[in-house]
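Notes follow once the structure below has been shown.
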There are 2 protein chains.
Amino acid sequence: MAGKKKQKAPLSREALELVAQRFKALADPTRLALLQALFEGERTVQELCEATGTNQANASKHLALLTDQGLLARRKDGLFVRYRIDDPTVHALCELVCGSLARRFEAVRAHLVPED
Amino acid sequence: MAGKKKQKAPLSREALELVAQRFKALADPTRLALLQALFEGERTVQELCEATGTNQANASKHLALLTDQGLLARRKDGLFVRYRIDDPTVHALCELVCGSLARRFEAVRAHLVPED
DNA sequence: TGACTATATTCGCATGCGGTGATATAGTCA
DNA sequence: TGACTATATCACCGCATGCGAATATAGTCA
C-alpha cells in the first residue's frame, strides 16, 4: 500500500477490494481455528473438525473459501482430502495481530493493576 | 497463534474472536482507503473524505471503528479532529497482504501470458 | 448569541455471511 | 454392484455490516 517509506502509486479501489477480501478470509474465528490447527501440519477435514469442534459441512465451506483465496492447498488421498497452508504470509499475519493485541491488552492491564 | 515454530498453547475461542475482529477491521475497502491516506500522515476527516471519495458520515463511522480497535488515534484541534495511525502493525499487515497478492497474480499472469 | 463549519451519531435499507440439516458426489471394498 | 465412509455442495435462516440521509453535538467567530 502507498505511503510510509517508498513513494508508490496508491492502490486502486479494485486492489483495495482484493486486499479487503484477503483480510476477510482471516476475519472469522472458525477459520482462524482451522488455520491454527493447520499450522501444526497437513490435516484431513475430519481431523480439522475434531481439532476445532466444527461440524463437517461448516468446515468444508470455510476450507473452500481459504483455498479459493490461495491460503490453503489440498490434495486427494483416497477417500481423504488433506489440506495444508499454502501461503506463508498467513502465519506472519496472525503473529503480527497477536503481538499487537497482546501489547494492547498488556497496556490496559498495566493501567488497571496497581503497581506493588 | 500456535504452531509453526515454538510450541505455544493454542488460542482460546475468545482470543480467536479478538484476532478475527482485528482482521475484520481491515476487511473493508473503504477502511483500507482511509488507512492508505493516513499512511501519508495525520489527516482531518474532511481531508480523508477528499482523499478517498467517501462521504463524511461514512468516514466518521469507519474512523470510529478503527479507533476503537486501537489502530488509529485522534486529537481535537479546534473545529477539527485529526486522525493518525496508532498501531505500526497496520502498515506491516497491509504490506504482507499486498506482497502475497502480487505474488499470486504474478504467478497467474506468468501462467497465462506466453513466454516470448 | 446566532450563524456557520466540522464531526459524530442515528435510522432505515439492502446485501452479505456463518451455521445447520439435508443431499450430492467421490472413493474404497467385499 | 451395493454398502460404507469422507467430503463437497445446496437451501434456508438469522444476524451482521456498509451506505446514505438526516439529525445531534461541538467549536469558532462576529
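Within every chain, numbering begins at 1; the chains are lettered A, B, ... in the order of the sequence lines, protein sequences first and strands thereafter. Since the model is a prediction, treat every value here as computed from it, not as a measurement.
- With a 4.5 Å cut-off on side-chain heavy atoms, B/H91 and B/I85 do not count as touching.
- Residues B/L26 and B/V97 form no side-chain contact, since every pair of their non-hydrogen atoms from C-beta on lies 4.5 Å or further apart.
- Whole-Å rounding puts the A/R75 CZ to D/dA8 P distance at 14 Å.
- Here C/dG19 presents its P atom at 10 Å from CD of B/E17, a figure rounded to the nearest Å.
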Exercise. Quick one: do B/K61 and B/L65 satisfy side chain to side chain contact (heavy atoms under 4.5 Å, CB included)? Show the steps, please.
Key: CA-CA 6 Å; B/K61 218 175 351 182; B/L65 185 151; over 6 Å; no

Give me, pair by pair, the N or O atoms of the protein and of nucleotides 17-19 of chain D that are less than 3.5 Å apart, along with how far apart they are.
| residue | atom | partner | partner atom | Å |
| --- | --- | --- | --- | --- |
| D/dG18 | OP1 | B/R31 | NH1 | 3.3 |
| D/dG18 | OP1 | B/R31 | NH2 | 2.9 |
| D/dC19 | OP1 | B/T30 | OG1 | 2.8 |
| D/dC19 | OP2 | B/N58 | OD1 | 3.0 |
| D/dC19 | OP2 | B/N58 | ND2 | 2.7 |
| D/dC19 | OP2 | B/H62 | NE2 | 2.3 |
| D/dC19 | O5' | B/N58 | ND2 | 3.1 |
| D/dC19 | N4 | B/K61 | NZ | 2.6 |

Contacts under 3.5 Å, N or O only, protein and nucleotides 26-30 of chain D:
| residue | atom | partner | partner atom | Å |
| --- | --- | --- | --- | --- |
| D/dA26 | O3' | B/K76 | NZ | 3.4 |
| D/dG27 | OP1 | B/K76 | NZ | 3.3 |

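- There is a side-chain donor-acceptor pair under 3.5 Å between A/R13 and B/T30.
- Straight-line distance from the CD atom of B/Q56 to the C1' atom of C/dC4: 15 Å, rounded to whole Å.
- Between the CG atom of B/L63 and the P atom of C/dA6 there is a distance of 16 Å, given to the nearest Å.
- No side-chain heavy atom of B/C49 sits under 4.5 Å from any side-chain heavy atom of B/N55.
- Contact between B/G70 and B/D86 at its shortest, heavy atoms only, is O-CB, 4.1 Å.
- Distance CD (B/Q21) to C1' (D/dA16): 12 Å, rounded to an integer number of Å.
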Practice problem: Kindly indicate, with the supporting measurements, whether the criterion salt bridge (Lys or Arg N to Asp or Glu O under 4.0 Å) is fulfilled by A/E106 and A/R109. | Solution: CA-CA 5 Å; A/E106 185 54 38; A/R109 198 194 69 85; 3.4 Å; yes

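- In DNA chain D, the stems built from three or more successive Watson-Crick or G-U pairs (distances below 3.5 Å) are C:1-30 with D:1-30.
- Spacing between atom CZ of A/R74 and atom C1' of C/dT25 amounts to 12 Å, rounded to whole angstrom units.
- Between A/Y83 and the phosphate of D/dA6, there is no side-chain N or O to OP1/OP2 separation shorter than 4.0 Å.
- Of the possible polar contacts, one joining the A/E47 side chain to the A/T44 backbone as a donor-acceptor pair under 3.5 Å is found.
- Between B/R31 and B/A25 the shortest heavy-atom distance is NE-O, 2.7 Å.
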Quiz item: Going through the distances and angles, do B/R22 and B/D87 end up as a salt bridge (Lys or Arg N to Asp or Glu O under 4.0 Å)?
Solution: CA-CA 12 Å; B/R22 177 58 62 86; B/D87 182 334; 3.4 Å; yes

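- Closest heavy-atom contact between A/A59 and A/T54: N-CG2, 3.7 Å.
- To the nearest angstrom, P of C/dC4 lies 17 Å from CD of B/Q46.
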